[in-house]
Amino acid sequence: MSMCAIGSRLGTCNVSTSRRGITHARCTSSSIRRPPRRAVTLCRAAGDGQDEQDPYEALFNSKVMKSDLVQADFNSIVGELMGLARMASQFPSFDLAGKRLFLEKMDEAGERYEVFIKRLELSQDPGAREYLRHTNAQMLEGGFTLPAMFSGLKQSLGEYRKWVDLEEKASVDPAAHQAFLKEFKVLWSRSALGGMDFGKLSNTDMSKLDAAQRDPMFWKAIKEIADNPSDPSIMAKWMDDPNIGPLVAEMARMQMQQQSEQ
């Protein structure tokens with residue numbers, strides 16, 4: 001059984017607009033994870049059963065992943081996404097240049113990640129193809145797929161750029177700028193990317209994360225929580241699940257701690 005750490009989120013988005021014209025995107029997400037003997041690796045979907053070959057292990061034992069160049073490229077992509085995710089909670093505090101640079105780097109890493117997945121899709125390697133089949137099947141439980149995940153990332157980054165454009169316009173008036181940032185921080189804290197400190201979450205008990213991701217309902221739980229990040233009843237619903245509950249309880253605890261620190 002591979003142990004893992006949450007690193008980054010990509011996903012589909014529900015969009016709404018605030019009274020100041022800030023469009024708010026809530027994104028359903030996918031995590032990135034790391035096994036014990038590899039620098040950084042892609043998050044696998046939950047397994048259907050203990051006797052079934054783990055698609056995640058099959059992928060990393062496949063011929064397509066035996067190349068040192070492929071592994072180095074992949075680890076570079078995921079490492080960058082993990083680093084960006086750990087900085088995401090601080091996004092509202094960045095200056096305008098910092099916000100634009102963050103979004104540019106996230107866009108570049110997302111595109112590299114999409115190209116890598118396309119490489120797997122074009123591969124004839126049985127391990128890679130089974131991994132993708134299994135991942136898409138499990139993600140469908142949450143109502144989305146890998147293509148929808150990448151499309152959602154691009155959509156959300158586009159909306160965040162609009163936020164930055166609005167902040168730039170407001171920055172000419174110090175009072176208006178401060179009012180804008182105040183609302184911006186609230187909206188960001190309610191988003192899937194800004195509502196959780198991934199730096200802290202990556203230090204959680206890995207057995208909780210592994211057990212949750214092996215549950216067939218994992219993606220459904222993630223989608224419901226990501227679509228309603230400020231609704232405690234959604235997290236409470238999943239806390240009773242024997243496999244997913246311990247991870248959700250940890251997420252809720254960290255979310256409360258982050259909100260109290262704001």
Side-chain angles (χ1 to χ4, degrees), residues 1-14 26-35 38 40-65 70 74 77-78 81 110-156 192 206-228 234 237-238 240-248 251:
M1 179 182 297
S2 297
M3 307 307 286
C4 57
I6 285 182
S8 181
R9 289 184 165 193
L10 308 174
T12 57
C13 302
N14 293 325
R26 291 180 177 176
C27 304
T28 300
S29 58
S30 168
S31 60
I32 292 171
R33 50 181 295 166
R34 179 183 57 192
R38 296 185 184 274
V40 189
T41 55
L42 182 68
C43 173
R44 63 168 167 76
D48 290 329
Q50 297 297 324
D51 296 328
E52 179 183 279
Q53 182 185 18
D54 190 331
Y56 174 72
E57 297 297 342
L59 172 64
F60 284 94
N61 288 326
S62 66
K63 290 182 180 179
V64 72
M65 291 299 293
V70 172
F74 182 58
I77 295 168
V78 178
L81 283 168
E111 287 182 355
R112 291 176 63 202
Y113 185 24
E114 187 174 10
V115 168
F116 186 88
I117 292 298
K118 180 61 68 176
R119 182 184 298 175
L120 294 185
E121 291 174 347
L122 296 174
S123 170
Q124 298 300 311
D125 187 279
R129 295 176 72 87
E130 172 58 18
Y131 172 81
L132 291 171
R133 183 203 67 78
H134 190 89
T135 298
N136 271 309
Q138 290 299 102
M139 290 176 77
L140 282 171
E141 291 289 339
F144 63 106
T145 62
L146 282 167
M149 180 184 77
F150 290 117
S151 176
L153 174 64
K154 292 173 183 176
Q155 179 185 354
S156 59
M206 293 301 98
S207 64
K208 295 178 182 178
L209 179 57
D210 195 69
Q213 287 190 298
R214 298 184 77 86
D215 192 289
M217 300 302 290
F218 174 73
W219 291 110
K220 180 176 177 61
I222 290 299
K223 182 176 189 301
E224 289 188 3
I225 293 170
D227 284 349
N228 304 277
I234 300 299
K237 166 187 171 182
W238 289 102
D240 292 333
D241 187 283
N243 296 322
I244 300 173
L247 176 64
V248 173
M251 292 171 66

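All values below come from the heavy atoms of this structure, side chains included, with hydrogens, waters and symmetry mates left out.
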So, taking the atom named [atom1] in [X] and the one named [atom2] in [Y], what distance separates them when rounded to the nearest 0.5 Å?
X    : Y    : atom1 : atom2 : answer
M217 : I244 : CE    : CD1   : 7.0 Å
K237 : I225 : NZ    : CD1   : 9.5 Å
W219 : T135 : CH2   : OG1   : 8.0 Å

Nearest heavy-atom neighbours spanning [X] and [Y]:
X    : Y    : value
V70  : M65  : CG1-SD, 3.9 Å
A128 : S123 : CB-OG, 4.3 Å
G110 : F150 : O-CE2, 3.9 Å
L146 : N136 : N-OD1, 3.2 Å

- Message: Tell me if a side-chain donor or acceptor on R129 pairs with a main-chain N or O of Q124 at a distance below 3.5 Å.
- Response: no
- Indicate yes or no for a side-chain donor-acceptor contact from S151 to the backbone of P147 under 3.5 Å, with no hydrogens or angles considered. no
- Task: Can you sort out the partners of D125 under side-chain hydrogen bond (donor to acceptor under 3.5 Å, both in side chains), two or more places apart, ordered by chain and number?
- Result: none
Side-chain polar contacts of residues 114-121 - donor-acceptor pairs under 3.5 angstrom, sequence neighbours left out - could you list them?
{"residue": "E114", "atom": "OE1", "partner": "K154", "partner atom": "NZ", "Å": "3.2"}
{"residue": "K118", "atom": "NZ", "partner": "E121", "partner atom": "OE1", "Å": "3.1"}

- Task: For residues M149 and Y113, determine if any side-chain heavy atom of one lies less than 4.5 Å from a side-chain heavy atom of the other.
- Result: yes
